[in-house]
Structure formats: structure tokens, C-alpha cells
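Written out below as C-alpha cells is the structure these notes cover.
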Amino acid sequence: MGFEVATYTDVLASEAIDGVDGFNFQSVSEGVTGVDQQQIRQSLLHRVLSSWAIEHDAMAHPATCAFVVRDGRFYLSRGKSTGRTNNGRDGNQLTQTIITSDPDDFVPYRPAQLYGATEWTLEKAPSSTSDPWVTPLEIKPEFEVAALEALVTADEWAGTVLPHFLTMIDAAAAAEPKKLVLIHDDLDVVMQWIALGTLFVDADAARLLQFRALVDDPWRADAALVGVSPDFGRSELSAANVLDLSSRSLPSIEPSDSARVRASWFLEQGADDALNAIEIARRWEASLGADLANDAARVVGLPEAVIPGQSAWQASMAATEQLASAGLRDDLALYAEELCEA
């Protein structure tokens with residue numbers, strides 16, 4: 001499989017896929033449908049703030065990235081301002097969108113990590129027909145797990161706020177989500193943090209977690225994760241969870257016990273081992289509860305972090321019993337040795 005591709009901008013009639021000038025699709029791959037085009041127009045286009053050019057260089061308008069899921073289709077777009085339109089008006093923009101119906105096209109990454117895919121051009125395509133992007137995609141080093149790990153391990157403030165951030169991510173991914181707003185004027189920075197946060201979410205859930213950045217008004221964005229540029233001015237954010245990456249302040253939210261545990265794993269045990277243990281804990285949480293799921297996941301996924309003794313033994317025995325009761329016999333068979341050795 002692969003990602004279908006569409007490019008939308010101001011075009012001459014000779015450039016448009018349907019011969020109509022103005023804002024239109026300049027190029028699409030063969031699998032882009034009429035429904036896809038409608039969805040892109042409605043939800044994924046780069047938005048140019050009309051007042052921006054009054055006090056700023058039009059070309060310095062913050063870029064955007066959006067991820068939308070509709071009717072089994074996954075849409076990821078990036079956009080930028082391009083100055084004046086063909087008829088001389090301010091507000092031209094170009095949006096490039098990739099589309100798939102196959103969740104496996106994201107593997108081994110989360111959707112936000114594909115912001116760093118090397119295939120993005122953010123330019124007009126050479127012709128009206130684009131080639132699909134063949135998967136798996138290659139991404140820039142800045143969006144690989146190692147770089148996202150360094151984002152918090154090499155920065156004292158970032159490491160300190162990680163439990164707060166993970167608590168906000170959990171709230172954004174909940175059945176009744178609470179919007180998470182990240183404030184910074186650099187889209188790359190915001191997208192790195194969104195990519196980092198979604199590493200801690202189950203892969204299936206992460207592929208349904210919509211995001212949009214950078215915007216002026218987070219309440220207009222149909223997304224749980226929203227990046228806001230302070231260059232647009234301040235919005236009323238009291239009803240949202242906020243991580244201010246510009247002022248680097250301490251968030252007001254109290255970190256959950258589970259978030260504290262998982263943040264400490266990530267900071268102290270290394271990203272790969274920690275994320276493996278977190279995935280196990282997520283999978284077991286519904287059957288074991290958050291505390292026991294974390295204790296049992298530490299036993300099987302982070303044995304070097306386990307302090308031998310009665311508490312580890314009790315967690316192993318309780319987890320074994322409850323996993324069996326929940327019918328998770330494959331997991332029991334897979335981790336029987338680790339559970340028995342605790």
C-alpha cells in the first residue's frame with residue numbers, strides 16, 4: 001500500500017486538474033477521490049490569518065500541519081503561505097496532503113512523526129498527476145524516537161514537565177477528551193512534542209488522535225491536540241490543558257500517578273525499553289487497573305528496574321491470576337518466565 005497525494009494552491013486554469021483557475025487542486029495521485037478532495041477543502045487547508053500581512057511579512061506566516069480521520073480515511077497535511085495569488089491578492093497558500101485507508105501505512109511511526117517524512121516538498125508538483133508515496137516512509141532524524149527521547153532527557157525543564165505533559169495527553173485521548181494546547185512559534189518544535197506525546201498512546205488510539213498546528217484560535221480546530229503560535233496573540237485557554245513551550249512555565253495540572261511512573265521509565269530506563277513496558281501496561285490496564293498494570297509491566301518489561309522482594313512477587317502473582325481471569329492467555333504464555341522469576 002501507500003499514501004495518496006494531493007496538492008492544493010492558487011492555480012491557472014492550465015494548471016488545475018479540472019481546468020478551473022483560482023484555489024484548486026494542482027495535482028493528485030490516482031487514488032484521490034472526490035470525497036477526499038472535499039474533505040481536504042473542509043478540514044485540512046493551510047489557513048492564512050487575514051490580518052497577518054498588516055504588521056508582518058506575508059511569507060513569515062506560521063506554517064501548519066493537520067491530521068484528520070474521517071470515515072476510515074486518514075489525512076495528514078502540511079501547508080505554508082506563499083505570498084500573493086495570481087491575481088495579486090494577499091493570502092496565497094499551498095497545502096500538500098497525504099491520504100490512506102490502511103493504518104499499517106503509518107508503521108513503524110505515529111502519524112505526527114510523519115510530519116518529518118522526507119517526501120514532503122510543499123511545492124507545486126511537476127504535473128497534474130502525482131505518484132503515491134510508497135511505504136514505509138523515511139523520516140528526518142529529528143522525529144525518530146532517539147531524538148524525541150533527547151528532547152526531554154537533555155533538557156531539565158522538559159524532563160520536569162514530562163509527567164504533566166503525559167497527564168494532559170491522557171486527558172486528550174480520553175473518551176471525553178480535554179483539549180491540549182501547546183504554545184510556540186516554531187511548528188517543528190510543536191510537532192516534535194506532539195510526536196513525543198503520541199509515543200505514549202496505544203498505536204491504534206494514536207492513529208485516531210487528531211491534531212492541528214499552528215493556529216490562532218484553538219477552539220476552531222476540530223482536534224484534541226492543538227499548537228498555537230503566540231505571534232497570533234493570546235487566546236482564552238482556561239478550559240484547556242496548556243503546555244507553554246515558549247515561556248517554559250510549569251503546567252498547573254497535577255500529574256497522575258501513572259504519568260509519573262511512565263515518565264520516570266522513559267527518563268531513566270531508555271526510550272525503547274520504556275515504551276515497550278508502557279505498551280504492555282496500556283494493554284493490561286483494563287484488566288488489572290492502572291497501578292497493578294504498571295507494576296506487572298515493570299516486572300516483565302523493565303526487570304532491571306524491579307527491586308526484588310515481596311511487592312514484586314505479589315504484583316506478579318496478582319497479575320498472573322487476573323490475566324488468566326481476563327482470558328489473556330497469550331500474554332501469560334509470553335511472559336510466564338518473567339512473572340515466575342519475580
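Counting from 1, the numbers follow the sequence of the chain as shown.
- In the hydrophobic cluster analysis, where Ile, Leu, Val, Met, Phe, Trp and Tyr join through side-chain heavy atoms closer than 4.5 angstrom, L44 is grouped apart from V226.
- A donor-acceptor contact under 3.5 angstrom links the side chains of E4 and S29, judged on distance only.
- Here the closest non-hydrogen pair linking P163 and A263 is CG-CB, 3.7 Å.
- Within the structure, the side chain to side chain donor-acceptor pair (under 3.5 Å) test picks out the following pairs touching residues 191-206 (sequence neighbours left out): D204-R207.
- The number of heavy atoms from other shown groups lying within 6.0 Å of CD (Q42) is above 12.
- Screening residues 128-151 for salt bridge (charged side-chain N to carboxylate O under 4.0 Å, His left out), with sequence neighbours left out, gives no hits.
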Side-chain donor-acceptor distances from residues 213-224 under 3.5 Å, at least two apart:
from	atom 1	to	atom 2	distance (Å)
D217	OD1	W219	N	3.0
W219	NE1	E236	O	2.8
D222	OD2	R70	NH2	2.8

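- Ring centroid separation for the pair F3 and Y75 does not come in under the 6.0 Å cut-off.
- From N241, atom CG reaches atom CG of L182 across 10.5 Å, with rounding to the nearest 0.5 Å.
- If you take CD on Q93 and OG1 on T9, they are separated by 6.0 Å, rounding to the nearest 0.5 Å.
- A donor-acceptor pair under 3.5 Å is formed between the side chain of Q96 and the backbone N or O of T121.
- Nearest heavy-atom pair, A117 versus L137, reported as atom, atom and distance to 0.1 Å: CB-CD1, 4.2 Å.
- In this structure D36 satisfies the salt bridge (charged side-chain N to carboxylate O under 4.0 Å, His left out) test together with R73, sequence neighbours excluded.
- Side-chain atoms of S77 do not come within 3.5 Å of backbone N or O of C65 as any donor-acceptor pair.
- A 4.5 Å side-chain heavy-atom check between Q37 and Y8 finds every atom pair outside the cut-off.
- Within the structure, every pair that satisfies the side chain to side chain donor-acceptor pair (under 3.5 Å) test and touches residues 154-168, not counting sequence neighbours, is listed here: D155-R248.
- At least one side-chain heavy atom of I40 sits under 4.5 Å from a side-chain heavy atom of I99.
- Grouping the Ile, Leu, Val, Met, Phe, Trp and Tyr side chains by contacts below 4.5 angstrom, directly or via other members, places L267 with L196.
- Partners of Y109 by ring pair (Phe, Tyr, Trp, His ring centres under 6.0 Å), not counting sequence neighbours: none found.
- Side-chain atoms of T85 and N87 include a donor-acceptor pair closer than 3.5 Å.
- Taking the six-membered ring where tryptophan is involved, the planes of W133 and W120 are perpendicular, since the angle between them exceeds 60° and thus also 30°.
- Remark: the S130 side chain and the S27 side chain contain an N/O donor-acceptor pair separated by less than 3.5 Å.
- Screening residues 168-190 for salt bridge (charged side-chain N to carboxylate O under 4.0 Å, His left out) gives D170-R282 as the qualifying pairs, with residues at least two apart or on separate chains.
- The structure places CG of L288 at 4.5 Å from CG of L323, a figure rounded to the nearest 0.5 Å.
- In this model, no donor atom of one side chain and acceptor atom of the other lie less than 3.5 Å apart for D244 and S249.
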Task: Residues I98, T100; criterion side-chain contact (heavy atoms from CB on, under 4.5 Å); working and verdict - done: CA-CA 7 Å; I98 58 175; T100 185; over 6 Å; no

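- Checking side-chain atoms of W284 against main-chain N and O of L292 turns up no donor-acceptor pair under 3.5 Å.
- When every heavy atom of A240 is checked against every heavy atom of V181, the shortest pair comes out as CB-CG2, 3.9 Å.
- Side chain of D21 to backbone of L12: no donor-acceptor contact under 3.5 angstrom is found.
- Under the 4.5 Å side-chain criterion, counting only non-hydrogen atoms from C-beta, R84 is not in contact with N92.
- Within 6.0 Å of CG in D71 there are 12 or fewer heavy atoms belonging to other residues, nucleotides or ligands.
- For residues 256-281, the set of pairs meeting the salt bridge (charged side-chain N to carboxylate O under 4.0 Å, His left out) definition, not counting sequence neighbours, comprises E254-R260, R262-E285.
- Here E15 pairs with K124 under the salt bridge (charged side-chain N to carboxylate O under 4.0 Å, His left out) rule; sequence neighbours left out.
- Looking at residues two or more places apart in sequence or on another chain, you find no salt bridge (charged side-chain N to carboxylate O under 4.0 Å, His left out) involving R329.
- The hydrophobic cluster containing V48 does not contain V11, counting ILVMFWY residues as joined when their side-chain heavy atoms lie under 4.5 angstrom apart, directly or transitively.
- Nearest heavy-atom pair, P111 versus L76, reported as atom, atom and distance to 0.1 Å: O-CD2, 3.7 Å.
- The nearest pair of heavy atoms linking P230 to I183 is CD-CG2, 4.0 Å.
- By the 4.5 Å heavy-atom criterion applied to side chains, F106 and Q113 are not counted as neighbours.
- Separation of atoms CZ (F200) and CZ (R110) is listed at 10.5 Å; rounding is to 0.5 Å.
- Note that CD1 of I280 and CG of D331 are 8.0 Å apart. Values are rounded to the nearest 0.5 Å.
- One hydrophobic cluster holds both L187 and L151 under the rule that ILVMFWY side chains link at heavy-atom gaps under 4.5 Å.
- Under a hydrophobic-cluster definition in which Ile, Leu, Val, Met, Phe, Trp and Tyr are linked whenever side-chain heavy atoms come within less than 4.5 Å, directly or via other members, I253 and V242 are assigned to different clusters.
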Open item on the list: Run N294 and W265 through side-chain contact (heavy atoms from CB on, under 4.5 Å) and show every step you take.
Closed with: CA-CA 10 Å; N294 283 339; W265 290 353; 4.1 Å; yes

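- Looking at R212, its side chain does come within 3.5 Å of a backbone N or O of S43 through a donor-acceptor pair.
- Side-chain contact check for P251 versus F165: every heavy-atom pair is 4.5 Å or farther apart.
- Legend: residues meeting ring pair (Phe, Tyr, Trp, His ring centres under 6.0 Å) with F23, ordered by chain and number and at least two apart, are absent.
- Remark: the T95 side chain and the H46 side chain contain no N/O donor-acceptor pair separated by less than 3.5 Å.
- A heavy-atom distance below 4.5 Å is not found between the side chains of F67 and L114.
- Judged purely by atom type and a 3.5 angstrom limit, H61 uses its side chain to pair as donor or acceptor with the backbone of L49.
- For E123, the salt bridge (charged side-chain N to carboxylate O under 4.0 Å, His left out) test picks out K80, with sequence neighbours left out.
- One finds the OG1 atom of T64 at 9.0 Å from the CG atom of L45 (value rounded to the nearest 0.5 Å).
- Side chains of R298 and V261 form a contact here, defined as non-hydrogen atoms less than 4.5 Å apart.
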- [ ] Would you check, one step at a time, whether the test side-chain contact (heavy atoms from CB on, under 4.5 Å) holds for V228 with V190?
- [x] CA-CA 9 Å; V228 173; V190 170; over 6 Å; no

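- Taking each heavy atom of L275 and L199 in turn, the nearest pair found is CD2-O, 3.7 Å.
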